[in-house]
Amino acid sequence: MTLFLLRTKSILILFVFMLSSLSCFLFRPGLPAAAATAAIMFWKFDLNNTSHIDQLLDREGVTLRELMEEEDVLQECKAQNRKLLLFLSKDHCMQELVTLITEEPPADLEEKTRFKFPNIACELLTSDVALINDKLGGDESLLEKLYHFLEQEPPLNPLLASFFSKTIGNLIARKTDQVISFLRKKHNFISLVLNHIDASAMMDLLLRLISCVEPALLRMEVLNWLNEERLIQRLTELMHTGRDEERQSNASQTLCDIIRLSRDQANQLSEVTEPDPLLTVLESQENVSELLKNMFEGERTEASVVNGTQVLLTLLESRRSGLEGLMDLYSQGFERSYTVNSSILRAIEPHLKDFQQLLLNPPTRSAILTTVGVLEQPLGSARLHVARLVASLLQTCDLSICQEICRLNTMDLLLDLFFKYTWNNFLHLQVELCVASILNHSAHSDHQNPGLQNHEERPATGTGSQVNEGTPGQNSTSDPLFQHCRLVQRILDAWEENDKIQAEGGRRRGNMGHLTRIANTVVQNLEKGLAHSQINDLIKELPEDCRGRWEGFVGETLRETNRRNTVDLVSKVSTHNLHSSSEDDDMESPFPNDLSIQQAFSDYQIQQMTANFVDQFGFNDEEFSEHDENINAAFDRIAEINFNIDADDHSANAAAFEACCKERIQQFDDCEEEEDIWDEKEINYATQIKSRSRYMLQHHPQLGIFQVNLFIEHYLCTDPGWTASFSETEVSSSSAWGGSPQQEGEGQQDTNWASFTEFQPFSR
């Protein structure tokens, strides 16, 4: 008993000592308040690393629901908590997790908590933990329970469908062999997925089967299996006009994604020589014809037209990775590597008349209220997608397609819509691309790809005019644009009508920007295009009054519009006026007034010698300390100054240089080649350069001699004919000591002294 009391007393004394030491530490004068607060909080809240989940797992009879109630259950799972993973991988826990994501929760639960546990269960199953993946992918009873979800009658719960798709997709990526082998045994798997295609999660599941299977050999086996199941043909059947819009939309998006994924993987996986079977079926003439048949068979709805056209547009995309924007079309000509399968074009060509009818008689739409008023007959998505399709077809440069479009007068209808719907810029862009494609097609008609065109190449003749005198059918693509469509007359009439509206106080029409670009495209092809002679002949065939209006429009109105569109918001002149003083404006220059050397110097001053020039150049007070390395560091940034100027012989700077530098410095004399180039010689600078330096220093006292010399070298040393003269020159004593000019000619003696009278300190 005595021993026990002694031990208890010792423990109490030790505890009191620790508390007193802690109090002395916390409340000593030099301790920061934050440290003291942190220490108190540590003892107060008992911060430790023991997880509450570990305590629950140590308790007997703990349930999965109790663990899922904890906020950090997902964090502990991803952190590879061994106790938690062993508990979750038990058979009854895995069965319960799968049940939560595949069965509807009770309807009597509160809505905001009804899908709480299914969501947590999905996150646990897809946490990418090897133990859970092995258990779920290796237990066929769990896979059967998952697969049973697809056997339900549609429609599926969209949230549960997303949980199911995410779980199966994770298994496809992590346990590929087991899951693919299990799914291939299910003969109705593809049928069940397509039966629920109205849920977007099923679309994601199909794409995961195509894109997430590794290695390449196994992926090819999966693609062949999907092709044997006629996946593409079944998706195409869902595009029929009789299907509901949700199924059509998801089927269309699935086909578009399969096309893009297959082409991208074909470019990336160069070791696979076998073609993609799904892409081969998609690009076949038979499948494209079936798609078009489903679009136009029966009642033509806007949904079927839009969804089907989206698939056609994807097929007409370039296969080259990094697809450029469509606006690069007429800036690059037709040198882009389009590899459109000719079978696609041959399948579309017979149905061009059906698309023509859609432009004339679109699906009915009710009037809509827009920001510019009520639109009684909207353009609609169907006609907009037809315009996009026509633009893509013209970009393929296929002669047969272009001639059929011209024969149907499709461009005439598109121009009618262009001027009718003046505020629909989506349509305006497509019409602009169509015009540019037709003009470029005429220019490149002799350079078409034989694999894509169904016409016989003619041998190249001499000049461009001789080429245009070929067969009459060659010019059929651009002739209707100027003759039947009356493109020039429409541009002039629309422009004059817009000017009249604006003169009366109205607003500028919304299609004027694209109309300007179309006019510029015509002018560019007329002046510089390969078919300029052909277009010039078409312009000459216009009526005399129309031709005169066009010439006046191009020479005045269009030129002025382009000038306004390209003017800088803040020009250099306005910037110069903001930074220059009144003294600079009244300064008399010794240079000719009609030259631009003074303006060039002002621009140079603004660019490189602003108020913070010294800071930009690298000098500061600290760099003029006693440390030599700082001074050297300042001159290391001399190369950062931008001395790029226009070296064109016809520029204003070149003309100013020629006028100001009338006296050239002599070239090296060939007879002096034997002289020792290392002999000490005095350097004779041109008197005119020194006078310019004095002039700039007098009128710009804020500049130092170094900045002025930079400018002189910048503008006078760029001429290719300028060289320095190193001929021997005697230095007069008068120039060294500031003597008068009369004394300079009397006697000269070499004193080896330099003159520092012209040097001025740097000013900040």
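Asp139 and Ser141 share a side-chain donor-acceptor pair at under 3.5 Å. A donor-acceptor contact closer than 3.5 angstrom links the side chains of Asp54 and Asn81. Between the side chains of Gln253 and Asp257, at least one donor N or O sits under 3.5 Å from an acceptor N or O. Residues Asn425 and His428 bring a donor and an acceptor atom of their side chains to less than 3.5 Å of each other. The closest side-chain donor-acceptor pair between Asn133 and Asn170 falls under 3.5 angstrom. Looking only at atom types and distance, the side chain of Asn294 has no donor-acceptor partner in the side chain of Ser304 under 3.5 Å away. Judged by distance alone, the side chains of Arg234 and Ser191 do bring a donor and an acceptor atom under 3.5 Å apart.
Taken from CG in Leu427 to CZ in Arg383, the straight-line distance is 9.0 Å, to the nearest 0.5 Å. Here the straight-line distance linking atom CG of Asn424 with atom CG of Leu417 works out to 9.5 Å at 0.5 Å rounding.
Summarising the local packing, CZ of Arg247 is surrounded by more than 12 heavy atoms from other residues, nucleotides or ligands at distances under 6.0 Å. Dense packing is recorded around NZ of Lys186, with more than 12 heavy atoms of other residues, nucleotides or ligands lying under 6.0 Å away. Heavy-atom contacts from other residues, nucleotides or ligands closer than 6.0 Å to CD of Gln75 number 12 or fewer. Taking a 6.0 Å sphere around CD of Gln233, one finds it holds more than 12 heavy atoms contributed by other residues, nucleotides or ligands. Atom CD of Glu104 has more than 12 neighbouring heavy atoms from other residues, nucleotides or ligands inside a 6.0 Å radius. When the shell of 6.0 Å around CZ of Arg82 is examined, it contains 12 or fewer heavy atoms from other residues, nucleotides or ligands.
Looking at heavy atoms from C-beta onward, Asn224 lies in side-chain contact with Glu274 at the 4.5 angstrom threshold. No side-chain heavy atom of Val129 sits under 4.5 Å from any side-chain heavy atom of Leu88. For the pair Pro105/Phe117, no side-chain contact is recorded, criterion being any heavy-atom separation below 4.5 Å from C-beta on. Gln395 is listed as a side-chain neighbour of Leu433, based on a closest heavy-atom distance under 4.5 Å. Leu146 has its side chain within reach of Thr167: a pair of non-hydrogen atoms, C-beta onward, lies under 4.5 Å apart. Taking 4.5 Å as the limit, some side-chain heavy atom of Phe355 sits within range of a side-chain heavy atom of Leu292. At least one side-chain heavy atom of Leu160 sits less than 4.5 Å from a side-chain heavy atom of Phe115. Residues Leu171 and Leu125 fail the side-chain proximity criterion, which asks for heavy atoms closer than 4.5 Å.
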Audit row: Phe164, Leu150, side-chain contact (heavy atoms from CB on, under 4.5 Å) steps and yes/no: CA-CA 9 Å; Phe164 168 81; Leu150 291 175; 3.7 Å; yes

Test log, rule salt bridge (Lys or Arg N to Asp or Glu O under 4.0 Å), inputs Glu96 and Arg65: CA-CA 10 Å; Glu96 187 175 355; Arg65 295 294 181 101; 3.4 Å; yes

Test log, rule side-chain contact (heavy atoms from CB on, under 4.5 Å), inputs Gln430 and Val390: CA-CA 8 Å; Gln430 303 307 320; Val390 173; over 6 Å; no

Pair Asn227-Leu223, side-chain contact (heavy atoms from CB on, under 4.5 Å): steps then yes or no: CA-CA 6 Å; Asn227 188 40; Leu223 294 179; over 6 Å; no

Ile258 and Leu235: CA distance, side-chain angles, deciding distance, side-chain contact (heavy atoms from CB on, under 4.5 Å) verdict: CA-CA 11 Å; Ile258 291 176; Leu235 287 171; 4.1 Å; yes

Pair Asp134-Lys175, salt bridge (Lys or Arg N to Asp or Glu O under 4.0 Å): steps then yes or no: CA-CA 8 Å; Asp134 294 341; Lys175 309 297 293 183; 2.9 Å; yes

Verdict with supporting geometry, Glu299 and Thr241, side-chain hydrogen bond (donor to acceptor under 3.5 Å, both in side chains): CA-CA 7 Å; Glu299 183 182 0; Thr241 56; over 6 Å; no

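With hydrogens and angles ignored, the 3.5 Å screen pairs no side-chain donor or acceptor of Ser262 with any backbone N or O of Ile259. Side-chain N or O atoms of Ser165 include one that pairs as donor or acceptor with a backbone N or O of Ala201 at under 3.5 Å. Under the 3.5 Å distance criterion, the side-chain polar atoms of Lys353 are matched with a main-chain donor or acceptor of Pro350. Judged by distance alone, the side chain of Arg263 and the main-chain N or O of Glu317 form a donor-acceptor pair under 3.5 Å. Remark: the backbone N or O of Pro106 is paired with a side-chain donor or acceptor of Arg114 at under 3.5 angstrom. A donor-acceptor distance shorter than 3.5 angstrom exists from the side chain of Thr370 to the backbone of Gly373, with no hydrogens or angles considered. Here the side chain of Ser249 pairs no donor or acceptor atom with the backbone of Glu245 at under 3.5 angstrom. A donor-acceptor contact shorter than 3.5 Å is absent between the side chain of Thr126 and the backbone of Lys166. A distance-only check finds no donor-acceptor pair linking the side chain of Asn341 to the backbone of Ile344 [under 3.5 Å]. For the pair Ser89 (side chain) and Leu86 (backbone), a donor-acceptor distance under 3.5 Å is present.
Ionic pairing of Arg346 and Glu349 is present here: one or more N-O contacts between side-chain nitrogen and carboxylate oxygen are shorter than 4.0 angstrom. Under 4.0 Å is where a charged nitrogen must lie from a carboxylate oxygen, and between Lys116 and Glu69 at least one such pair does. Of the charged side-chain nitrogens involved, at least one lies within less than 4.0 Å of a carboxylate oxygen, so that Arg219 and Asp276 count as a salt-bridged pair.
His240 pairs in a side chain to side chain donor-acceptor pair (under 3.5 Å) with only one of the listed residues (Gln248, Glu290, Glu297), which is Glu297. Checking each of Glu302, Gln377, Glu376 against Arg365 for a side chain to side chain contact (heavy atoms under 4.5 Å, CB included) leaves exactly one that passes, namely Glu302.
Partners of Phe189 according to the ring-ring contact (aromatic ring centres under 6.0 Å, His included) rule, which considers only residues two or more places apart in sequence or in another chain, do not exist here. Here Glu151 pairs with His148 under the side chain to side chain donor-acceptor pair (under 3.5 Å) rule; sequence neighbours left out. Residues passing the side chain to side chain donor-acceptor pair (under 3.5 Å) test with Asp91, sequence neighbours excluded: Lys135.
Taking every heavy atom of both residues into account, Ile172 and Arg208 meet most closely at CG2-O, 4.1 Å. Heavy atoms only, all atoms of each residue included: Asn287 and Leu282 are closest at ND2-O, 3.7 Å. Looking at every heavy atom in both residues, Met68 comes nearest to Leu97 through SD-CD2, 4.4 Å. Considering every non-hydrogen atom in both Leu84 and Leu57, the closest pair reads N-CD1, 3.5 Å. Of all the heavy atoms in Ile197 and Met202, the pair that sits closest is CA-CB, 4.3 Å. Contact between Pro118 and Leu100 at its shortest, heavy atoms only, is CB-O, 3.4 Å.
In this structure, Phe296 and His351 have parallel ring planes: the angle between them is below the 30° cut-off, well short of the 60° mark.
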